[in-house]
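The analysis underlying the following values was restricted to heavy atoms, covering all of them including side chains, and did not include hydrogens, waters or symmetry mates.
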Amino acid sequence: MALAGLLRRRVRVSRPVDAETYPKRRLTLVIAAAVLLASLPMLTTYILLVLSSFSETLVTGAEFLEGKPIRFTLRYWEALLSGRLSAIVMTPVTINVWETILNTLIVALGVSLVVTLASTLAGYAFSRMRFRFRERLMELIILLHAFPGVTLLIGVYLLYIWTLASLLHGVGGAGRAFAVFAYTILARASLEIPMSVWMMKGFFDKIPWEVEWSALIDGASRIRTWLEVMLPQVKPGIAALAIFSFLAGWEDFIYVYVFLYLGTEGKYLTLATLIDQLVGNLETAELPLAAAAGVLYLLPTIAFFALTQRLLLEAYTGGVKA
Amino acid sequence: MVEVRLESVSKRFGRVVALHEVTLTFEDGSFTAILGPSGSGKTTLLYLIAGIYKPSSGRIYFGDRDVTNMPPNKRNVGLVFQNYALYPHMTVYDNIAFPLRLKKLPRDEIDRRVREVAKLLHIEELLERYPSQLSGGQQQRVAMARALVKQPDVLLLDEPLSNLDALLRIKIRAELKRLQKDLGITTIYVTHDQSEALALADRIVVIDRGRIQQVGTPDEVYARPRNLFVAGFIGSPPANLIPAKIVARSGSACVAIGDTVYCPDKPLSEKLARFQEVIVAFRPEHATLGEEPAENMVSIEAEVYTVETLGKENIVTLLVGATPVKVVVEPSVRPQPGSKLFINVEPEKLMFFDPETELNIEYIEV
Ligand SMILES: Nc1ncnc2c1ncn2[C@@H]1O[C@H](COP(=O)(O)OP(=O)(O)OP(=O)(O)O)[C@@H](O)[C@H]1O
Ligand SMILES: [Mg+2]
């Protein structure tokens, strides 16, 4: 579709094109074609998943070749969204999907907020301030990024258990829930922060010093300069960071599984752990239910790419001005 | 509205000495031009006054206040950066209004002042645009408007008109000068363009390699350059410099330029007597060309090398020995390259420099 749009646009151009935009359009065309080709297998999987969630049995793609009809049903979606899973799932689990979505959302938003805030502040500091051990710290951050997150899990888990048993001993209800979520969010966010700090530093590096000085001379305080002159100029970076870390939080399995699920004896589910539960407890015939949960799980990712794809393409073809 | 004073201010970047022991006073309400070649420390000097850089040593005063450690946002200076430094995410209007918003002025007052200064700089039609949609010259004028609109105590301008066409430049600098006098803003103006400096400034500061070479009125700097650098830098084309020997004639010191011997009067000849060699300098516009040596003039024989025709005048380059000398002549004068002519200069227009210290001997106390 994007390709067709591009082709149309290409044909319509009759007035002279700026030297700057002309070669870019052709490049975009090539890139779009390549990306489409490369993402074909992934795209097929997505489509099959969505189809499965609306059909009586799992759609594998073979049906189309054999000419078998796909029997359409909303049964699994109804069951999933109303939480009446006990009819389908063997073990008597009662799952509130809306609560699960809310949990997932809390984790995703929390990770997004923590990562964005921390990296914007730290990125600015690394870009603009001279302090002791600045270079050392920056190298350390790269090192942290290179460290696989799973290996940290054991240490973080021990700390978590200890915190729950000692500091939070006797704390129940909302207080405990808050602590559990905060812990999960911080632990997951810390995996994203090193790379994000570097990314934000890059964005701040691009702003000329003179622009910042200019604000100071105009009478702005440092904080005001940061808020009103520096931040607006790194907005694209902040947006990208917020989205990527949101997706990271939304999609995370291992941290959420260990801290939110295992750590609380199965009290808090997110979509990722829910799917894990479903797949583990379902008869093969009922797998479309898991497919429905999977579609929910992938929704933000798809929405994000659908939204930004247009933006990216337009930015490439020079349609969008700063 | 305030006097700016630097007391032996130095600025070092690592091992680079950008400014060395600068002591300068910019009088309240004065218009000073800073002239110097690229990399001489002009921008550094402005940044020190604005508070962007802290001096490595020395102190800076605004009137009686010691501002050496005062942050830039407390100094009430306006600065037009060499690269404009507009806020790319704000419209021209918001760029200009930004300093006023920070002062928390009422909305209509801000609007009035923004439109006033925009009119002055001929950018009224650009107010809704973003900086990326402006030409270099337009951006420069927006930067100027932003610096002027807050009516600063000190106005610092780093080559603010370099991107404007000649016509607009003359127009805007006339308005700048009038505004500066009306508001009494102490103004420091960095420029490469000497004619601009000579036309605008009450005083000129010539700087080279981080050191002040001369401070004086445009006339002084032009007519009595303190050293060889100033003589060779000011004026277009700059002063001619010819090495000469000091010879004794009937008991007094005379200057031998090639075959020409010139014997000056008493005070000067006494000063010259202390040297074996000097460098003689005169301005291209102070010399004339002739077939014959002229009376009461110092006449130097030379061979014509090239003639540049500039329309309202011609510049003739001649060789005195091996030293090239330029003379500005009427457009009708076009001597043949290779021909021998005499360069005639009035004795009062000659300047003499000590080749060792490079100082004008006028400035050497006996
Ligand atoms: N931040 C810095 N770090 C290191 N050296 C610097 C820095 N800023 C300036 N310098 C050096 O200090 C000297 C003076 O620089 P400055 O920018 O003041 O020159 P300028 O007179 O403004 O030149 P131009 O006319 O080219 O703008 C130069 O040698 C420059 O390389
Ligand atoms: Mg400069």
Worksheet item: Atom OH in B/Y84, atom OG in A/S214: separation rounded to 0.5 Å?
Response: 13.5 Å

Worksheet item: Got more than 12 heavy atoms from elsewhere within 6.0 Å of CZ, A/R130?
Response: yes

Worksheet entry | B/L100 portion near chain A, given a 4.5 angstrom heavy-atom threshold | neither

Worksheet entry | Pairwise distance CD1(A/I217) to CZ(B/R146) - rounded to 0.5 angstrom | 9.0 Å

Worksheet, complete the sentence: Output for pair (B/R101 CZ, A/D218 CG), nearest 0.5 Å, gives 12.0 Å

Worksheet item: How far does CE of B/M90 sit from CD of A/E228, to the nearest 0.5 angstrom?
Response: 6.5 Å

Discussion item. Is it true that, when you exclude B/E128 itself, more than 12 heavy atoms of the residues, nucleotides or ligands shown sit nearer than 6.0 Å to its CD?
Written reply: no

Discussion item. How about CZ on B/R169, more than 12 heavy atoms from neighbouring residues, nucleotides or ligands closer than 6.0 Å, or not?
Written reply: yes

Worksheet item: Counting heavy atoms not belonging to A/H145, are there more than 12 under 6.0 Å from its NE2?
Response: no

Worksheet item: More than 12 foreign heavy atoms under 6.0 Å from NZ of B/K103: is that the case here?
Response: yes

Practice prompt. For B/Y87 and A/A215, indicate whether the former's side chain and the latter's backbone hold a donor-acceptor pair under 3.5 Å.
Written response: yes

Item to complete: Taking atom CD of B/E27 as the centre, report whether more than 12 heavy atoms of other residues, nucleotides or ligands fall under 6.0 Å from it.
Response: no

Worksheet, complete the sentence: A/V211 and B/P88 have their tightest heavy-atom pair at CG1-CD, 4.5 Å

Worksheet entry | Atom group of A/S221 that falls short of 4.5 Å from chain B, counting heavy atoms | both

Worksheet item: CD/A/E210 to CD1/B/I52 distance, rounded to the nearest 0.5 angstrom?
Response: 8.0 Å

Discussion item. Working to the nearest 0.5 angstrom, can you tell me the gap between B/N73 CG and A/R224 CZ?
Written reply: 11.5 Å

Worksheet item: Are more than 12 heavy atoms from other residues, nucleotides or ligands located less than 6.0 Å from atom NZ of B/K181?
Response: yes

Discussion item. Quick check on B/D64: does its CG atom have over 12 non-hydrogen neighbours (other residues, nucleotides or ligands) under 6.0 Å away?
Written reply: no

Worksheet item: Tell me, side chain or backbone of B/L79 under 4.5 Å from chain A's heavy atoms, or both, or neither?
Response: both

Worksheet entry | Part of B/Y47 lying under 4.5 Å from any heavy atom of chain A | side chain

Discussion item. Students often mix this up, so state it plainly: with edges at 30° and 60°, are the rings of B/F81 and A/W213 parallel, tilted or perpendicular?
Written reply: parallel

